[in-house]
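To keep things clear, I will list the structure first and then write my remarks on it.
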Amino acid sequence: MVNYKDLGLVNTREMFAKAVKGGYAIPAFNFNNMEQLQAIIQAAAETKSPVILQVSQGARNYANQTLLRYMAEGAVEYAKELGWEHPQIVLHLDHGDSFELCKSCVDMGFSSVMIDASSLPYEENIALTRKVVEYAHKYDVTVEAELGVLAGVEDEVSAEESHYTRPEEVIDFATRTGCDSLAISIGTSHGAYKFKPEQCTRDPKTGRLVPPPLAFNVLHEIEKKLPGFPIVLHGSSSVPQEYVDIINEHGGKLPDAVGIPEEQLREASKSAVCKINIDSDSRLAMTAAIRKVFDEKPGEFDPRKYLGPARDEMKKLYMHKIINVLGSDGKAE
Ligand code: G3H
Ligand code: 13P
Ligand code: ZN
């Protein structure tokens, strides 16, 4: 049994309370490899932003849960080396799907876990979430739960159709589960193809897809029912068109990839939304940078010569999100 406090990590309780009060959101970035982790920590250290490192099922399959945990421990020391005296870094299990998995993460030093039982019937979601909360809280590990279903398909997280969170359920759910934060469904979804073309309109000038707006009315109703309670948005990549263009210009094929406009995330950050999950944008930044090197320098075969630019591009992206979208810069001085 390793407690996250001994690793220099923090849970989400205090940082969420401050974020809700302060009208900003904490970035939750997924990581699968060293370059992503370095870019996240460099961006957080440079902007003095609290940060959540997320480990998904796909990441665990790809990189190994134990190794990722040790990498996060290393990240705390790396952040200090970069001059961030008091790093506020959370190690979070993204989309945990069973009590056993959540327990194994608590036991190995994660400071926060998500139990995603949103696909189960309501009472079963409550029962499983409650069980995880009871265990995690013994070790002061915070728990994110989910109510409502996000559409979208990724390696390990998929649902055909979304349905919005029902505001009339949130008080009962939060009270009976004791969860620390709640992921809701208001129209975001996972991956780089968040909406089908038929759900969007097209900008006549650029020909690009314009997605339907998020259901801010649902968010506001939830906020009214649970004043000050930390709300989480999954599936919040914006799918920057400049990356899609670079990828397509250098041999890639991502037609009609579309995400959540950043203005809407900026607006959400000012509300009780205090954690915003971003994974796909980092994949796009990495892929764009690597494709460019491969295309322009076909003789290059030193991985550092393409993973280095990929890391720099991801750092730029993370800093942009922190400073211009979430507003979390300077909140972990
Ligand atoms: O929520 C989904 C995340 O983007 C992780 O996806 O399981 O493919 O790593 P993944
Ligand atoms: P994106 O696919 O929009 O980056 O969402 C990531 C996410 O929600 C991870 O849990
Ligand atoms: Zn998610």
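We count ligands from 1, going down the list as the structure has it; atoms in each ligand are counted the same way. Residues take their numbers from the sequence shown, with the count starting at 1.
Near H95, meaning under 4.0 Å from one of its heavy atoms, ligand 1 places the atoms 1 (O). Per-residue contacts place S280 under 4.0 angstrom from the following atoms of ligand 2 (heavy atoms of the residue considered): 1 (P), 2 (O), 4 (O). Listed by atom number, the atoms of ligand 1 under 4.0 Å from D279 heavy atoms are 3 (C), 4 (O), 5 (C), 6 (O). Taking every heavy atom of I278 and a limit of under 4.0 angstrom, the matching atoms of ligand 2 come to 4 (O). Interface atoms of ligand 2 facing N30, defined by a heavy-atom separation under 4.0 Å, are 9 (C). Those atoms of ligand 1 that come under 4.0 Å of a heavy atom in H190, given as number and element, are 1 (O), 2 (C). Counting atoms of ligand 2 from 1 in the listed order, those under 4.0 Å from a heavy atom of H95 are 10 (O). Of all the atoms in ligand 1, the ones that sit under 4.0 Å from a non-hydrogen atom of S56 are 5 (C), 7 (O), 9 (O), 10 (P). Within ligand 2, counting atoms from 1 as listed, the ones closer than 4.0 Å to a heavy atom of H190 are 2 (O), 5 (O), 6 (C), 7 (C), 8 (O), 10 (O). Numbered from 1 in the order shown, with element, the atoms of ligand 2 that lie under 4.0 Å from a heavy atom of H234 read 8 (O), 10 (O).
Applying the ring pair (Phe, Tyr, Trp, His ring centres under 6.0 Å) criterion to H234, with sequence neighbours excluded, gives H95, H190.
K321 has a carboxylate O that lies under 4.0 Å from a charged side-chain N of E262, or vice versa, which qualifies the two as a salt bridge. A salt bridge does not link K138 to E134: none of the charged nitrogens lies less than 4.0 Å from a carboxylate oxygen. A salt bridge links K316 with E313: the distance from a Lys NZ or Arg NE/NH1/NH2 to an Asp or Glu carboxylate oxygen falls below 4.0 Å. The existence of a salt bridge linking K205 and D203 is excluded, since no basic side-chain nitrogen approaches an acidic carboxylate oxygen closer than 4.0 Å. Between K225 and E221, none of the side-chain N atoms (NZ, or NE/NH1/NH2) sits under 4.0 Å from a carboxylate O, so this pair counts as no salt bridge.
Looking only at side-chain heavy atoms (C-beta outward), P167 and K224 stay at 4.5 Å or farther from each other. L209 has its side chain out of reach of F195: every pair of non-hydrogen atoms, C-beta onward, lies at least 4.5 Å apart.
Within the set G58, S280, S237, the minimum heavy-atom distance to atom 7 (O) of ligand 1 is found for G58.
No side-chain donor from either of S112 and T12 sits under 3.5 Å from a side-chain acceptor of the other.
Distances from ligand 1 to the non-hydrogen atoms of R283 include at least one value under 4.0 Å. Residue Q54 places a heavy atom less than 4.0 Å from ligand 2. Under a 4.0 Å heavy-atom criterion, K194 is in contact with ligand 2.
Contact annotation: for S56 versus ligand 2, there are no heavy atoms closer than 4.0 Å. By the criterion of a heavy-atom distance under 4.0 Å, the side chain of D94, and not its backbone, is placed next to ligand 1.
Considering backbone and side-chain atoms alike, Q57 places every N or O at 3.5 Å or more from each N or O of ligand 1. Close N/O approach between N277 and ligand 2 is found [any backbone or side-chain N/O within under 3.5 Å]. For a threshold of 3.5 Å applied to N or O pairs, the pair formed by D281 and ligand 2 contains no separation below that value.
Other residues, nucleotides and ligands contribute more than 12 heavy atoms inside 6.0 Å of the OH atom of Y122.
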Give every donor-acceptor pair under 3.5 Å between a side-chain atom in residues 77-91 and any protein atom, sequence neighbours left out.
| residue | atom | partner | partner atom | Å |
| --- | --- | --- | --- | --- |
| Y78 | OH | Q42 | NE2 | 2.8 |
| W84 | NE1 | A332 | O | 2.8 |

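Restricting H234 to its N/O/S atoms, the shortest distance to the Zn ion (ligand 3) is reached by ND1.
For the atom pair OG1 (T175) and CD1 (I126), the distance works out to 9.0 Å, reported to the nearest 0.5 Å.
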